Amino acid sequence: MSKITEILVKEGDKVFNEPYKFVKFNNNPKANELLNDLKNHPHAFTLACIMDRQIKAERAWSIPYEVFEDCEFPNVAKMSHEDISKIFHSKKLHRFNDEMALYFYLAVQKINDDYDGDASKIWNDEPKSATLVRRFLEFKGVGIKIATMASNILARKLKVPMADYCCIDISPDVHVKRVFRRVGFINENATVNEIIYCAKEINPEYPGILDLPCWEVGNKWCRPKNPKCNECLLDKYCPKIID
DNA sequence: GTCCAGAGCT
DNA sequence: AGCTCAGGAC
């Protein structure tokens with residue numbers, strides 16, 4: 001194993017093995033309370049994950065809190081797509097307010113119809129990792145990045161018990177992709193599938209273990225412009241392949 | 001102007 | 001595989 005993969009796996013393992021501690025998703029204390037309370041507000045975490053695309057992560061993690069300010073769960077299940085759309089537009093919750101309001105609405109309906117209004121039933125039966133990822137994929141607006149991200153956070157931070165971890169892949173998002181390119185794991189025009197299989201190759205029993213360290217490297221230091229290599233934990237071993 | 005934890009449709 | 005959705009922080 002290369003020194004870089006060794007460091008990334010070790011960092012991932014460290015977080016995975018530590019006991020639960022309150023997760024700080026962003027700087028909104030009330031949103032964080034909601035997201036950490038999987039027992040009483042499991043839908044908040046689920047809905048926030050679905051909102052997590054093409055905007056700053058910190059902003060996406062507040063969206064369920066912002067909606068529930070106007071209408072508490074489970075009453076939100078009675079709201080129409082149009083009602084929810086009005087909230088998204090008036091509070092400017094997302095870039096894609098029409099589309100995200102629809103996915104938010106559809107997710108609430110699905111939680112109601114398929115999980116008896118209790119989103120924790122998505123993950124609380126100690127599922128196989130494949131089952132968990134597939135359940136997230138069933139939601140409209142959820143693809144491989146969001147399904148694996150949700151599963152990774154449940155496994156690594158929120159300590160949700162599951163039967164195995166082998167099918168929780170790395171979340172192939174913009175940061176992971178950039179970091180994988182610059183450390184030389186993949187080439188410039190690699191596809192999402194190549195990223196996923198690259199992580200499987202490194203740590204097949206839990207490919208997603210690489211997700212958090214890679215995401216943090218990309219978010220904090222390995223920026224698109226002016227990467228702060230001297231502060232990065234991979235500095236000594238990284239080939240620093242910049243396009 | 002650049003960048004942001006993408007997915008769906010063609 | 002490429003295009004579209006289209007907003008706010010910096």
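Basis for what follows: all heavy atoms, side chains included, without hydrogens, waters or symmetry-related copies. This is a predicted model, so every value here is computed, not measured. A note on names: the letters A, B, ... follow the listed sequences, proteins ahead of strands, and every chain is numbered from 1.
For residues 118-133 of chain A, the pairs satisfying salt bridge (Lys or Arg N to Asp or Glu O under 4.0 Å) are A:D116-A:K121, A:D125-A:R135, with sequence neighbours left out. Among residues at least two apart or in separate chains, salt bridge (Lys or Arg N to Asp or Glu O under 4.0 Å) pairs with a member in residues 203-226 of chain A are A:R156-A:D211.
The side chain to side chain donor-acceptor pair (under 3.5 Å) search around A:N40 returns A:D37, not counting sequence neighbours. Under the side chain to side chain donor-acceptor pair (under 3.5 Å) criterion, A:R178 pairs with A:H175, not counting sequence neighbours. Remark: A:K157 pairs with no residue by the salt bridge (Lys or Arg N to Asp or Glu O under 4.0 Å) rule, at least two apart or across chains. For A:N187, there are no side chain to side chain donor-acceptor pair (under 3.5 Å) partners two or more places apart in sequence or in a different chain. Among residues two or more places apart in sequence or in another chain, the side chain to side chain donor-acceptor pair (under 3.5 Å) test is passed with A:K236 by none.
Note: NZ (A:K225) to C1' (C:dC10) measures 11 Å, nearest angstrom. Atom CE of A:M51 is separated from atom P of C:dG7 by 16 Å (rounded to the nearest Å). Atom-to-atom, CZ of A:R59 to C1' of C:dA9 comes out at 9 Å; the value is rounded to the nearest Å.
Contacts between residues 84-98 of chain A and DNA chain B, defined by a heavy-atom separation under 4.0 Å, are made by A:R95, A:F96. Of the residues in residues 176-190 of chain A, those placing a heavy atom less than 4.0 Å from an atom of DNA chain B are A:R178, in numerical order.
Nearer to the 5' terminus of DNA chain B, by closest-nucleotide assignment, is the contact made by A:K56 (compared with the other of A:K56 and A:K140). Nearest-nucleotide mapping onto DNA chain B: of A:Y103 and A:W61, the residue sitting toward the 5' end is A:W61.
When DNA chain B is scanned in the 5' to 3' direction for atoms under 4.0 Å from non-hydrogen atoms of chain A, the outermost contacting nucleotides are B:dT2 to B:dG8.
Using a 4.0 Å heavy-atom criterion, one finds that A:D211 contacts the bases of the nucleic acid, with or without backbone contacts as well.
The separation of B:dC4 from C:dA6, taken at their C1' atoms, amounts to 13 Å, rounded to a whole angstrom. B:dA7 and C:dG8: their P atoms are spaced 22 Å apart (whole Å).
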Return a table of donor-acceptor pairs under 3.5 angstrom between the side chains of residues 8-24 of chain A and protein atoms on other chains or two or more places apart.
unit_1, atom_1, unit_2, atom_2, d
A:N17, ND2, A:D13, O, 3.0
A:Y20, OH, A:N36, OD1, 2.6
A:K24, NZ, A:N27, OD1, 2.7

Name every donor-acceptor pair, under 3.5 Å, that has one atom in a side chain of residues 46-54 of chain A and the other anywhere in the protein, sequence neighbours excluded.
unit_1, atom_1, unit_2, atom_2, d
A:T46, OG1, A:P42, O, 3.0
A:Q54, OE1, A:R95, NH1, 3.3

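Between A:F136 and A:W123, the ring-plane angle classifies as parallel under the 30° and 60° cut-offs.
Between A:Y103 and A:F139, the distance separating the two ring centers is not shorter than 6.0 angstrom.
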